[in-house]
Amino acid sequence: MIHRALPVIAAVCILGGCGEEPRADRAPFSYGMEAPTGDERRALASMAALEADLAQAGSLQGDERIEAERRLGPVVAKNADLCVGTRLENKGWYLLASWRFQFVNETAATLEALDRLDRCGSPILKQAGRNLRVQVLCRQGRLNLARPLAETLVRDIPQFQPTLDLVALHERVGQAAPALPGLTRPTAPTLVIIAASWDEGTRARLARLLGRAAAAEWTPVLVLFDATPAVIPTIPGLLLRPDLQVVHARTASEVAAWREAWTPPSEFFVAALKADGTLLAVDLRTDDPLPLVAPIGTMAAPGP
């Protein structure tokens with residue numbers, strides 16, 4: 001599987017504390033053995049209900065899951081507010097930042113929630129929040145701030161290496177793209193999509209990406225690390241894109257070659273290449289604007 005560096009809306013199992021000054025209308029939370037205050041009980045009930053909603057949304061597939069998670073925005077925001085001044089505050093702000101990163105185009109909204117998390121006294125979830133901050137900075141193009149933060153994170157927690165790899169990919173924009181193992185260099189503007197597996201989630205994302213009018217100007221190439229060989233020929237027709245080239249990594253060495261070349265940080269990764277192989281954009285979301293391109297040509301498919 002590809003490492004999941006990008007956040008998903010899911011329940012965070014670690015319950016963090018916050019030592020910052022609570023709001024004036026909230027009683028300070030005690031870390032002793034005293035019975036929970038009314039604020040604490042309300043926060044616990046709110047978080048439990050939110051986690052149930054998140055689990056329900058997470059049980060869905062494809063577009064249904066995306067839309068169910070999107071609709072939870074007001075609930076996530078209300079939960080964060082209810083958790084202020086309690087030991088759940090870290091978790092409340094982190095979940096709100098994660099939701100905003102996925103569903104709100106304005107990155108300042110995500111940073112506002114991350115700033116609130118950073119002001120909490122407890123360290124729990126702060127490293128996860130800083131990992132998310134690196135991804136926000138990459139989307140803003142502020143790589144001079146993203147790299148040192150990512151390097152510090154990886155020194156402390158090596159599992160965050162995929163996020164540092166993401167910074168490196170962003171730094172290559174405007175230069176020659178990484179290698180395309182098994183393919184020739186493009187001769188047309190190309191969207192390279194690397195997916196861990198073929199499932200309903202991958203199908204829904206591809207349909208959303210390639211169904212846009214702007215995507216008609218691009219030659220799409222889908223690289224699958226895991227898929228049933230029989231389904232491969234059916235994918236272009238299923239997505240109504242007969243020009244879609246589907247590359248199935250047939251051996252562990254082929255998977256390793258793509259991972260080494262691209263270090264994809266998520267289970268569904270999209271990059272845009274110019275016709276001459278220059279990397280134009282990385283880590284594109286399905287609804288991100290695509291660069292303007294010249295008329296498309298073709299791209300050579302892999303040999304047998």
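- Using a 4.5 Å heavy-atom cutoff, the side chains of D243 and P236 are not in contact.
- One hydrophobic cluster, built from ILVMFWY side chains closer than 4.5 Å, cannot hold both L143 and L284; they sit in different ones.
- A 4.5 Å side-chain heavy-atom check between W198 and I232 finds every atom pair outside the cut-off.
- Between the side chain of N90 and the main chain of S122, a donor-acceptor pair closer than 3.5 Å is present.
- Scanning both residues, A179 and W262, for their nearest heavy atoms gives O-NE1, 2.8 Å.
- Side-chain N or O atoms of E112 include none that pairs as donor or acceptor with a backbone N or O of A108 at under 3.5 Å.
- At a threshold of 4.5 Å between side-chain heavy atoms, the hydrophobic network of Ile, Leu, Val, Met, Phe, Trp and Tyr places V75 and L60 in two separate groups.
- Taking the charged nitrogens against the carboxylate oxygens, R71 and E67 have no contact shorter than 4.0 Å, which rules out a salt bridge.
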Q135 vs T107, side-chain contact (heavy atoms from CB on, under 4.5 Å): CA-CA, chis, key distance, verdict:
CA-CA 10 Å; Q135 297 165 52; T107 52; over 6 Å; no

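- For D288 and R212, the salt-bridge test fails: no basic side-chain N is under 4.0 Å from an acidic carboxylate O.
- V134 and L166 fall into different hydrophobic clusters, where Ile, Leu, Val, Met, Phe, Trp and Tyr are joined by side-chain heavy atoms under 4.5 Å apart, directly or via other members.
- Results of the side chain to side chain contact (heavy atoms under 4.5 Å, CB included) test with F269 over V192, L169, I193 single out L169 as the only residue that passes.
- The shortest non-hydrogen separation linking P162 to P265 is O-CB, 3.7 Å.
- With hydrogens and angles disregarded, a donor-acceptor distance shorter than 3.5 Å links the side chain of N79 to the backbone of M47.
- Using the six-membered ring where Trp is involved, F103 and W99 have ring planes that are tilted, between 30° and 60° apart.
- More than 12 heavy atoms of other shown residues, nucleotides or ligands fall within 6.0 angstrom of atom CD in E200.
- Between the K126 side chain and the C120 main chain, a donor and an acceptor come within less than 3.5 Å of each other.
- The backbone N or O of R42 sits nowhere less than 3.5 Å from a side-chain atom of S46 that would complete a donor-acceptor pair.
- The two residues A57 and E69 have their closest heavy-atom pair at CB-CG, 3.8 Å.
- Atom CG of N131 sits about 4.0 Å away from atom CZ of F160, to the nearest 0.5 Å.
- Considering L114, L132, L111 in turn, L132 is the only one that fulfils the side chain to side chain contact (heavy atoms under 4.5 Å, CB included) rule with F101.
- Atom CG of residue L210 and atom OG1 of residue T286 lie 10.0 Å apart, to the nearest 0.5 angstrom.
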Given the rule in the side-chain contact (heavy atoms from CB on, under 4.5 Å) test, do N144 and R142 qualify, once you have shown the distances and angles that lead to the verdict?
CA-CA 6 Å; N144 60 320; R142 300 165 70 187; 4.2 Å; yes

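- At a cut-off of 3.5 Å, with distance as the only test, no side-chain donor of W258 or E254 sits close to an acceptor on the other residue.
- Between R285 and D287 there is no salt bridge, since no side-chain nitrogen of the basic residue lies less than 4.0 Å from a carboxylate oxygen of the acidic one.
- To the nearest 0.5 angstrom, K274 atom NZ is 6.5 Å from L280 atom CG.
- For the pair L180/L273, a side-chain contact is recorded, criterion being any heavy-atom separation below 4.5 Å from C-beta on.
- D81 has no carboxylate O lying under 4.0 Å from a charged side-chain N of K78, or vice versa, which leaves the two without a salt bridge.
- Residues I124 and L117 come closest through the heavy atom pair O-CD1, 4.5 Å.
- Residue pairs meeting the side-chain hydrogen bond (donor to acceptor under 3.5 Å, both in side chains) criterion with at least one partner in residues 168-177, sequence neighbours excluded, are R147-E171.
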Show your working on side-chain contact (heavy atoms from CB on, under 4.5 Å) between T110 and V104 and close with a plain yes or no.
CA-CA 8 Å; T110 303; V104 178; 5.6 Å; no

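- Counting heavy atoms from C-beta outward, L164 and R155 have side chains that stay 4.5 Å or more apart.
- For the pair T263 and E260, the tightest heavy-atom approach, listed with the atom from each and the gap, is CG2-O, 4.2 Å.
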Given the rule in the side-chain contact (heavy atoms from CB on, under 4.5 Å) test, do L153 and I157 qualify, once you have shown the distances and angles that lead to the verdict?
CA-CA 6 Å; L153 281 168; I157 305 177; 5.7 Å; no

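- Considering all non-hydrogen atoms of both residues, L239 and R203 come closest at CD2-O, 4.0 Å.
- To the nearest 0.5 Å, the span separating CZ on R208 from CG on L206 amounts to 12.5 Å.
- The residues R130 and D118 are annotated as salt-bridged, a charged nitrogen and a carboxylate oxygen being separated by less than 4.0 angstrom.
- Hydrophobic clustering (ILVMFWY, side-chain heavy atoms < 4.5 Å, transitive): I66 and L95 are in one cluster.
- Side chain of H248 to backbone of A227: a donor-acceptor contact under 3.5 angstrom is found.
- Here R65 contributes atom CZ and R70 contributes atom CZ; the two are 13.5 Å apart, rounded to the nearest 0.5 Å.
- Inspection of the T202 and R205 side chains reveals no N or O donor paired with an N or O acceptor under 3.5 Å.
- V154 and V136 fall into different hydrophobic clusters, where Ile, Leu, Val, Met, Phe, Trp and Tyr are joined by side-chain heavy atoms under 4.5 Å apart, directly or via other members.
- Here the straight-line distance linking atom CZ of R185 with atom OG1 of T278 works out to 9.0 Å at 0.5 Å rounding.
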